Amino acid sequence: QVQLVESGGGLVQAGGSLRLSCASSGRTFSSYVMGWFRQAPGKEREFVAAISRSGSVTNHAGSLNGRFTITRDNAKNAVYLQMNSLKPEDTRVYYCEANTGTTPVTAPIMYDRWGQGTQVTVSS
């Protein structure tokens with residue numbers, strides 16, 4: 001029912017920045033907790049960040065050490081991931097995913113993947 005389109009990925013050198021965007025076609029976008037996850041080939045889905053329905057509460061993976069920031073703009077049906085100080089280990093496909101709950105939890109099982117993802121590649 002809901003379509004999510006991720007964009008903004010690309011090739012960047014270590015230490016650089018990227019801003020990922022996720023556009024939703026759903027008219028009920030604001031009713032979803034939104035999260036960013038990433039995945040390497042053959043690996044499990046990894047939590048990156050999540051944000052509450054209103055955007056007032058966020059949850060970021062501690063392993064990122066504050067390098068990434070999730071935001072949303074419900075008026076634009078969009079969620080963003082600002083990525084700074086990128087490292088080669090950040091190289092992944094990044095997915096924007098929706099959660100029908102009310103809390104920006106970290107568990108991948110609580111989110112639904114409705115987009116194709118966007119590739120982020122960080123070179124040394």
Side-chain angles (χ1 to χ4, degrees):
Q1 181 75 7
V2 177
Q3 293 290 314
L4 299 175
V5 180
E6 300 95 336
S7 63
L11 176 63
V12 64
Q13 291 187 334
S17 299
L18 286 173
R19 184 175 187 250
L20 306 185
S21 297
C22 175
S24 173
S25 63
R27 62 184 181 88
T28 59
F29 174 78
S30 62
S31 68
Y32 296 101
V33 169
M34 299 299 298
W36 284 98
F37 293 79
R38 64 188 188 182
Q39 190 169 23
K43 301 293 185 179
E44 295 182 352
R45 182 166 48 155
E46 177 186 4
F47 171 78
V48 175
I51 189 167
S52 64
R53 293 175 295 176
S54 68
S56 62
V57 181
T58 60
N59 191 1
H60 297 84
S63 60
L64 297 174
N65 294 318
R67 296 183 297 114
F68 293 5
T69 302
I70 188 172
T71 58
R72 71 188 297 164
D73 186 344
N74 289 341
K76 298 182 182 296
N77 282 2
V79 61
Y80 309 95
L81 184 68
Q82 179 66 47
M83 305 186 296
N84 299 322
S85 301
L86 284 162
K87 304 176 180 180
E89 53 261 45
D90 295 321
T91 296
R92 298 284 192 280
V93 176
Y94 286 72
Y95 297 90
C96 174
E97 303 184 8
N99 180 351
T100 58
T102 59
T103 304
V105 296
T106 64
I109 194 173
M110 297 299 295
Y111 295 81
D112 294 321
R113 179 175 293 176
W114 293 326
Q116 299 300 308
T118 185
Q119 176 71 48
V120 172
T121 302
V122 184
S123 63
S124 300

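Everything numeric here is computed off the predicted structure, so don't read it as measured data. Values below: all heavy atoms of this structure, side chains included; hydrogens, waters and symmetry mates excluded. Residue numbers count from 1 along this sequence.
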Exercise for the section: Find out whether M34 and L4 are in side-chain contact, i.e. whether some heavy atom of one side chain is under 4.5 Å from a heavy atom of the other. Expected result: yes

Problem - Distance (rounded to the nearest 0.5 Å) between D112 CG and T100 OG1 - result: 7.0 Å

Problem - Whether over 12 other heavy atoms sit under 6.0 Å from E89 CD - result: yes

Exercise for the section: For R113 and Q39, test the side chains for any donor-to-acceptor distance below 3.5 angstrom and give the result as yes or no. Expected result: yes

Handout entry: Distance (rounded to the nearest 0.5 Å) between S7 OG and L20 CG
Key = 8.0 Å

Exercise for the section: Indicate, with yes or no, if Y80 and V5 share a hydrophobic cluster defined by side-chain heavy-atom contacts under 4.5 Å among Ile, Leu, Val, Met, Phe, Trp and Tyr. Expected result: no

Problem - Validation row: V120, M83 side chains within 4.5 angstrom (heavy atoms) - result: yes

Practice task
Report the distance from atom CG of N77 to atom OG of S30, rounding to the nearest 0.5 Å.
Solution key: 7.5 Å

Exercise for the section: Decide yes or no for F68 and D90: does some side-chain heavy atom of the first lie under 4.5 Å from some side-chain heavy atom of the second? Expected result: yes

Practice task
Give a yes or no answer on whether the side chain of E6 reaches the backbone of Q116 with a donor-acceptor pair at less than 3.5 Å.
Solution key: yes

Problem - V33 and M110, any side-chain heavy atoms less than 4.5 Å apart - result: no

Fill in the blank from the handout: So CZ of R38 and OG1 of T91: to nearest 0.5 Å the spacing works out to 9.0 Å

Exercise for the section: Report yes or no: does T118 contribute a side-chain atom to a donor-acceptor pair with the main-chain N or O of G9 at less than 3.5 Å? Expected result: yes

Handout entry: Heavy-atom check, side chain of C96 versus side chain of V79, under 4.5 Å
Key = yes

Fill in the blank from the handout: Residue set satisfying side chain to side chain contact (heavy atoms under 4.5 Å, CB included) with V12, at least two apart, ordered chain then number -> L18, L86, V122

Exercise for the section: Report the distance from atom CH2 of W36 to atom OH of Y111, rounding to the nearest 0.5 Å. Expected result: 13.0 Å

Exercise for the section: Check for a donor-acceptor pair, side chain of H60 on one end and backbone N or O of I70 on the other, with a separation under 3.5 Å. Expected result: yes

Problem - Apart from Y95 itself, residues in the same hydrophobic cluster as defined by side-chain heavy atoms under 4.5 Å - result: V93

Exercise for the section: Test side chain to side chain donor-acceptor pair (under 3.5 Å) on E97 and N99 and set out the steps. Expected result: CA-CA 7 Å; E97 303 184 8; N99 180 351; over 6 Å; no

Handout entry: Minimal non-hydrogen separation, S85 against S17, with atom names
Key = N-OG, 4.3 Å

Handout entry: Rounded distance [0.5 Å steps], CZ in R19 versus CG in N84
Key = 11.5 Å

Practice task
Spell out, as yes or no, whether a donor-acceptor pair under 3.5 Å connects the side chain of S52 to the backbone of V57.
Solution key: yes

Practice task
Please assess Q3 against S24 for the test side-chain contact (heavy atoms from CB on, under 4.5 Å), listing each intermediate value before the final yes or no.
Solution key: CA-CA 6 Å; Q3 293 290 314; S24 173; over 6 Å; no

Practice task
Validate the cation-pi geometry between R53 and F29: distance from NZ or CZ to the six-membered ring centre under 6.0 Å, angle to the ring axis within 45°.
Solution key: no

Practice task
Determine whether more than 12 heavy atoms belonging to other residues, nucleotides or ligands lie under 6.0 Å from atom CD of Q119.
Solution key: yes

Exercise for the section: Taking the side chain as every heavy atom from C-beta outward, state whether T106 and N59 have any pair of such atoms under 4.5 Å apart. Expected result: yes

Exercise for the section: Please answer: with hydrophobic residues joined when any side-chain heavy atoms are less than 4.5 Å apart, are L64 and F47 in the same cluster? Expected result: no

Exercise for the section: Report yes if the distance between the aromatic ring centroids of F37 and Y94 is under 6.0 Å, otherwise no. Expected result: no

Exercise for the section: Would you check if N74 and R72 make a side-chain contact, meaning some heavy-atom pair closer than 4.5 Å? Expected result: yes

